[in-house]
Amino acid sequence: MENRLMNSNFIWDAIDKDLQEHVYDRVHTRFPPEPNGYLHIGHCKALCTNFGTAKKYNGLVNLRLDDTNPEKEETHFVEGIMDDIHWLGFDWNGGLYYASDYYEKLYDIAVDFINRGLAYVDELTPEQMTEYRGTLTEPGKNSPYRDRPIEENLRLFKEMKEGKHAEGSMILRAKIDMAHPNINMRDPAMYRILFAEHHRTGTKWCIYPMYDFAHPLSDAFEHITHSLCSLEFEDHRPLYEWFINNSLHMLDGAHPRQIEFARLNLTNTVMSKRYLRTLVENGLVMGWDDPRMPTLVGLRRRGYTPEAIKDFIDRIGLSKADSEVDYGLLEFCVREDLEDKVSRAMAVIDPILVEFSNWDEDKIDEFTVNNHPNHPEFGTHSIKFGKRIYIEASDFMEEPVKKFHRMSPGKEVRLKDAYIVKCESVEKDSDGNIIKIICTVDLNSRSGSEGSNRKVKGTLHWVNADDCSPFEARLINSILLDDDENAGKDFIERFNPDSMIKKHGYMEKYLDDAKVGDKYQFLRTGYFCKDKDSTDSLPVFNRIVGLRDSFSKALKSNNK
RNA sequence: UGGGGAAUUGUGUAACGGUAGCACCUGCGACUCUGACUCGCAUUGUAUGGGUUCGAAUCCUAUUUCCCCAGCCA
């Protein structure tokens with residue numbers, strides 16, 4: 001399925017050309033997440049692009065944890081990232097690396113830069129730095145420390161490393177051009193002082209390299225050929241080249257090429273780590289793996305499959321144009337993948353009681369039903385039919401709208417795999433709420449018999465009231481309110497209080513055997529996945545995605 | 001207002017001077033013991049103005065709009 005639809009894209013065109021012109025004779029990519037959170041669907045595009053490209057060219061791909069900021073990074077995120085990548089079905093055949101593995105090497109290169117007058121220790125305060133940087137339209141100006149002697153730079157940088165200077169008191173900067181039209185080239189920081197504990201190197205270091213310095217050199221150390229990243233790094237590319245070109249004598253010939261592509265945006269989805277973190281930390285969701293979260297662990301818990309996600313990434317293509325993909329495409333991919341993979345079963349989410357007036361109290365009929373309508377190899381299971389059943393409350397209307405092919409007074413409807421029944425009357429409580437629907441069963445219409453062959457408008461799913469299990473259905477909606485009314489509000493205020501609706505319903509006994517993670521299609525209501533919150537007495541099922549529903553769509557457009 | 005990018009149907013993406021295609025969405029129909037699946041049909045597009053050419057989404061030119069950059073984050 002991988003790369004099934006992606007016939008070409010501008011990156012592969014560029015690589016083809018590189019190979020043809022012998023700029024490179026192999027392809028080696030890397031996926032460099034920062035371990036400061038869990039991977040989300042947005043990372044997935046970068047992930048699939050780097051892993052998929054390596055695979056297409058029979059090349060290698062490295063996993064590199066870009067851990068140059070000790071203040072944000074944690075080991076359990078590293079583990080989570082590796083677990084997610086494996087879950088997707090990828091493996092880093094080029095090896096596992098950490099930017100922190102290169103601290104020593106990077107330090108040596110930094111010293112070499114100082115020796116060649118390409119870097120200096122600056123003692124401007126952060127505020128002064130900003131001021132000296134200039135603006136988008138005005139050039140910056142040189143720091144008074146810019147031309148201090150090499151020996152002094154060497155001594156100061158060493159002292160920085162030895163912890164002799166306070167955080168923020170000095171930094172190492174590349175000496176490029178304070179008047180450069182590209183702000184990234186105005187003497188960018190290479191090292192800052194941070195007395196923080198690093199998840200891998202502990203307190204060994206108190207100076208840490210910046211992304212712009214560490215990343216290109218890490219690529220070079222690992223002999224990466226194509227460094228595929230997102231568009232916001234496009235104007236860092238000159239810097240990327242600068243660091244590499246000025247380190248060539250310290251490298252063994254490797255010269256990676258950075259190519260940028262547009263990142264994934266999805267409708268009704270926030271992908272900023274900051275917001276996801278806020279949701280977790282404020283307890284608005286149950287954790288990084290909450291089924292509402294666009295994280296891979298969240299999508300996985302909800303029931304999305306790796307195949308569906310990878311197919312989605314293939315379908316959205318790769319380009320440099322900013323875009324926003326309709327979430328419906330992801331849902332389509334999930335449905336398409338699950339369609340031929342999971343068994344069907346019946347569960348009523350919003351139950352209403354139906355009683356049959358012409359059915360004896362103790363009479364029970366039993367049916368053998370297919371687990372999948374198009375795949376006999378999925379086997380069968382049995383269901384029991386008795387005097388009382390539950391149907392979906394929305395499948396009954398006392399005064400039906402037009403084209404309502406469901407239950408209403410005087411009309412016949414088929415109960416899936418059982419009988420054709422007719423609604424005779426309803427019982428209401430003192431407030432006028434329907435508490436029971438009275439039906440008659442057409443005894444000649446038993447499923448499988450000749451009498452069952454006649455056509456009736458609708459077929460409903462149901463469960464036997466005396467032979468079913470209670471369960472909790474979690475219906476998942478958009479995690480934030482994204483309508484015009486909420487557009488300008490703070491993220492927290494935009495959290496959708498109805499993002500997860502819990503319903504108590506009844507399911508057929510067949511589903512008692514489901515294990516956490518098992519997926520089913522609940523007939524007519526959608527695909528569901530058993531959640532880890534399940535208990536022995538109350539199984540919990542997340543709705544992965546609903547079925548396509550042309551009836552409710554038609555209803556909506558009629559009402560407009 | 002500096003620099004770097006991008007504009008093809010509702011959405012996403014192809015077409016690399018020669019029939020604007022594909023997928024999703026949407027609509028209509030067939031089928032159906034899931035209003036699902038499946039199948040068939042259909043609608044809608046080259047940001048704008050000039051130019052080159054037999055021929056332009058593609059080349060030139062002038063505009064317009066949108067995105068990114070002023071962390072000691074990545």
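FYI, side chains are in, hydrogens and waters are out, and symmetry mates aren't considered; it's all heavy atoms of this structure. Computed from a prediction, not measured in an experiment: that's the story for all the values here. Order of the sequence lines fixes the chain letters, A, B, ..., with proteins taken first and strands second; residue numbering starts at 1 for each chain.
Straight-line distance from the CD1 atom of A:I176 to the C1' atom of B:A70: 15 Å, rounded to whole Å. A straight line from CZ of A:F213 to P of B:G71 spans 21 Å, rounded to a whole angstrom. Between A:N184 atom CG and B:A70 atom C1' there is a gap of 9 Å when expressed in whole angstrom units. Following rounding to the nearest Å, A:E127 (CD) and B:G71 (C1') show an atom-to-atom distance of 12 Å. If you take CZ of A:R524 and C1' of B:U34, they are 7 Å apart, rounded to a whole angstrom. Rounded to whole Å, the distance from CG on A:L106 to P on B:A74 is 12 Å. One atom, CZ of A:R237, and another, C1' of B:G4, lie 9 Å apart when rounded to the nearest Å.
Judged by distance alone, with hydrogens and angles left aside, A:D13 brings a side-chain donor or acceptor within reach of the base of B:C16, the pair sitting under 3.5 Å. With hydrogens and angles ignored, no donor-acceptor pair under 3.5 angstrom links the side chain of A:R192 to the base of B:G71.
The gap from the P atom of B:U13 to that of B:A6 amounts to 13 Å, rounded to the nearest Å. A gap of 33 Å separates the C1' atoms of B:G2 and B:G12, to the nearest Å. Atom name P, nucleotides B:U61 and B:U46: the rounded distance is 23 Å, in whole Å.
Residue A:S552 has no polar side-chain atom (N or O) positioned under 4.0 Å from OP1 or OP2 of B:G35. Proximity of A:K455 to the phosphate of B:C33: a side-chain N or O atom is located under 4.0 Å from OP1 or OP2. Residue A:R344 places no side-chain N or O under 4.0 Å from the OP1 or OP2 atom of B:A36. When the side-chain nitrogen and oxygen atoms of A:R548 are compared with OP1 and OP2 of B:C37, one or more of them lie within a distance under 4.0 Å. Phosphate contact (OP1/OP2 of B:A70, side-chain N/O of A:T130, threshold under 4.0 Å): absent. The side chain of A:R133 contributes an N or O atom lying less than 4.0 Å from OP1 or OP2 of B:C72.
In this structure, B:G71 is classed as syn because its glycosidic torsion stays within 90° of zero.
At a threshold of 4.0 Å, the pair A:D187-A:R146 counts as salt-bridged, since one of the basic side-chain nitrogens sits closer than that to a carboxylate oxygen. Using a cut-off of 4.0 Å between Lys/Arg side-chain N and Asp/Glu carboxylate O, A:D219 and A:R64 are scored as salt-bridged.
A ring-ring contact (aromatic ring centres under 6.0 Å, His included) with A:F221 is found for exactly one of A:Y97, A:Y102, A:Y103, namely A:Y102. Screening A:F541, A:W462, A:F522, A:Y390 against A:Y506 for a ring-ring contact (aromatic ring centres under 6.0 Å, His included) leaves a single residue, A:Y390.
Using N1 to N3 plus N6-O4 or O6-N4 for Watson-Crick, or N1-O2 and O6-N3 for G-U wobble, each under 3.5 Å, B:A7 pairs with B:U64. Nucleotide B:G2 forms a pair with B:C69, judged by Watson-Crick or G-U wobble geometry with both contacts under 3.5 Å. B:C41: Watson-Crick or G-U partner is B:G27, with both key distances under 3.5 Å.
Of the listed nucleotides (B:G12, B:U34, B:A14), B:A14 has the atom at the smallest distance from the side chain of A:S8.
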Set out, in order, the CA-CA distance, both residues' side-chain angles and the distance that settles side-chain hydrogen bond (donor to acceptor under 3.5 Å, both in side chains) for A:H180 and A:R186, then state yes or no. CA-CA 6 Å; A:H180 199 108; A:R186 316 237 262 233; over 6 Å; no

